[in-house]
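First up is the structure itself, then whatever we jot down about it.
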Amino acid sequence: MTDDTNVLIAGAGPTGLTLAVELARRGIEHRLVERAPEPSAGSKGKGLQPRTLEILDDLGVIGRVLATAAPYPPLRVRVGRVPLYRGRMHRRAAASEAVPYPTVLMHPQWRTEEVLRERLAELGGKVEHGAELTGFEQDADGVTARLGTGATVRARYLVAADGGRSPVRKALGIGFAGETREEERMMLGDVRVDGLDRDHIHVWLRPGQGMLALYPMAGTGTFQLLAPLRPGVEPDLTLAGFQRVFAERSMQRRARVTELSWSSLYRVNIRLADRYRAGRVFLAGDAAHVHSPAGGQGLNTGVQDAYNLGWKLARALSGAPAALLDTYEEERRPIAARVLGLSTGLHDRKTFRRDEETYQLRLGYRGGTLARAGGDRVPDGPVRLADGRRARMFDLLRGPHFTLLSPDPAPAVPGGPQVRAYAPAEPYGGRRHTLIRPDGYVGIATDSAGELAGYLALV
């Protein structure tokens with residue numbers, strides 16, 4: 001028996017969940033399948049960048065995130081009890097009208113996924129756990145996929161959000177250029193530690209043994225423990241192994257690891273897929289790009305992949321020109337290449353400091369097919385409307401629609417996208433018509449009604 005759907009998503013991590021929420025809130029039929037039998041319990045990616053927080057605001061979950069997330073605490077670097085350095089990874093900043101979320105927040109990945117699953121359920125969706133994608137074929141009209149449950153799914157499109165080892169990417173024969181640094185591995189685990197304060201990120205350096213870092217996970221009672229390994233050393237990922245590494249590298253007598261709830265062996269991978277699309281199959285998140293952990297870019301870049309692809313898939317399924325889907329790779333692959341260079345540089349310099357370059361607020365799509373005198377992120381801030389009302393920009397943008405700032409009504413374009421039009425008291429950006437895409441970037445800024453209508457015909 002074959003089940004039909006519009007979009008089949010393989011992988012229910014942050015990328016797959018964001019895409020599912022994006023489709024669900026647009027009423028697009030989809031299925032989200034995940035080979036793991038239950039949700040992940042690991043902290044993994046723990047930093048949410050300011051641009052990701054803006055996306056979570058749009059998706060309607062920012063309140064749940066802010067309820068438990070927190071800025072990164074100060075660093076304390078020591079050799080045993082001897083202090084070497086104290087400082088912060090991120091410069092402190094206050095929220096502004098343009099940037100309501102001005103710094104990175106710590107939020108363990110398991111909790112980010114939980115929040116997105118809750119939102120998906122509210123929209124009528126769900127994750128099908130224990131349903132591995134085991135094979136697929138595609139033709140001109142869609143994709144036929146087989147699941148480990150024995151079911152067959154027929155979908156208009158398949159999106160692989162199935163991780164850095166993506167079986168879908170491998171089946172398509174898409175290259176994954178870059179490097180795996182086998183000599184750069186680390187023990188990673190979620191632990192409880194008695195006798196250690198949670199007001200700092202604790203880092204110890206012990207010559208001959210190595211480095212150890214403990215991050216107090218916001219909203220939990222656990223720490224994320226990171227311990228780089230020397231080449232050739234086989235890690236012991238049991239509680240006893242983490243206790244031994246902690247004792248050897250921290251030289252603490254009063255503090256000890258008492259519990260291990262999750263562990264993993266992490267290898268530094270730096271890779272980028274040659275293509276993001278093959279016919280009716282798309283790659284997103286780690287399936288398309290994998291990063292070093294420096295700068296917290298991987299999870300955040302994957303969420304933005306999904307945020308870009310979601311509205312385009314919905315529009316293509318609603319009758320927009322098929323060429324719209326080509327802009328996903330056009331826009332997102334250069335972003336991933338730039339972010340990979342950034343995170344790799346931070347990793348190689350072994351610096352703790354971070355700045356606005358990692359926040360992803362400056363990334364945009366200038367020069368692309370869908371950026372007509374636009375392409376930049378639209379900042380938040382007050383908007384004065386012609387009828388005397390005052391509004392907040394992010395309130396106008398929130399939702400799956402395009403937003404038009406113009407003294408004129410939105411032009412009628414047969415089969416065009418949903419557009420909410422607002423007449424500003426003054427021309428926004430100095431142009432008569434500014435159309436903002438559903439993902440919060442300027443699509444077109446023009447004084448010509450004809451150019452505006454032509455753009456809407458593209459999307």
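Position 1 is the first residue of the sequence; numbering continues from there.
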Look at [X] together with [Y] and state whether they make a salt bridge at an N to O cut-off of under 4.0 Å.
X: R117; Y: E34; value: no
X: K44; Y: E113; value: no
X: E122; Y: R64; value: yes
X: R275; Y: E329; value: no

Looking only at atom types and distance, does a side-chain atom of [X] sit under 3.5 Å from a main-chain N or O of [Y], one as donor and one as acceptor?
X: T134; Y: R146; value: yes
X: R169; Y: G164; value: yes
X: R198; Y: M217; value: yes
X: R377; Y: L361; value: no
X: R156; Y: L317; value: no
X: H289; Y: R333; value: no
X: T18; Y: P14; value: yes
X: S40; Y: G42; value: yes
X: E54; Y: F394; value: no
X: T327; Y: E330; value: no

Does R392 have more than 12 heavy atoms from other residues, nucleotides or ligands lying within 6.0 Å of its CZ? yes
For atom CZ of R35, decide whether the heavy atoms of other residues, nucleotides or ligands shown that lie under 6.0 angstrom number more than 12. no
Can you name the nearest heavy-atom pair linking [X] to [Y], along with the distance?
X: G310; Y: L19; result: CA-CD1, 3.5 Å
X: F176; Y: A287; result: CE1-O, 3.9 Å
X: M393; Y: V378; result: CG-CG1, 3.8 Å
X: A316; Y: Y157; result: CB-OH, 4.2 Å
X: G45; Y: L299; result: O-CD1, 4.0 Å
X: V193; Y: T258; result: N-OG1, 4.4 Å

Measure the spacing between CE of M186 and CG of L225 and express it to the nearest 0.5 Å. 10.5 Å
Are D190 and T222 close enough that a side-chain donor and a side-chain acceptor fall under 3.5 Å? no
Going by atom types alone, do D57 and Y101 pair a side-chain donor with an acceptor below 3.5 Å? yes
Checking salt bridge (charged side-chain N to carboxylate O under 4.0 Å, His left out) against D58, which of R25, R51, R398 comes through? R25
For the salt bridge (charged side-chain N to carboxylate O under 4.0 Å, His left out) test, which of D4, D139, D141 pairs with R154? D139
The test is side chain to side chain contact (heavy atoms under 4.5 Å, CB included); show your working for T15 and V159 and say whether it passes. CA-CA 10 Å; T15 301; V159 178; over 6 Å; no
When the ring planes of Y328 and F282 are compared, do they come out parallel, tilted or perpendicular, using 30° and 60° as the limits? perpendicular
Please state whether the rings of W311 and F402 are parallel, tilted or perpendicular, taking 30° and 60° as the class boundaries. perpendicular
Starting from the C-alpha separation in whole Å, work towards a yes-or-no answer on side chain to side chain contact (heavy atoms under 4.5 Å, CB included) for L120 and H30. CA-CA 11 Å; L120 181 60; H30 67 278; 4.0 Å; yes
Matching residue for L404 among L456, T434, I436, L452 - test: side-chain contact (heavy atoms from CB on, under 4.5 Å): L452
Evaluation steps, side chain to side chain contact (heavy atoms under 4.5 Å, CB included), between K312 and E331: CA-CA 12 Å; K312 294 174 180 178; E331 293 185 340; 2.7 Å; yes
Evaluate side chain to side chain contact (heavy atoms under 4.5 Å, CB included) for R332 paired with Y307, printing each intermediate quantity in order. CA-CA 10 Å; R332 292 305 302 167; Y307 196 56; over 6 Å; no
Please determine if R256 forms a cation-pi arrangement with F246, meaning its NZ or CZ atom is less than 6.0 Å from the six-membered ring centre and no more than 45° off the ring axis. no
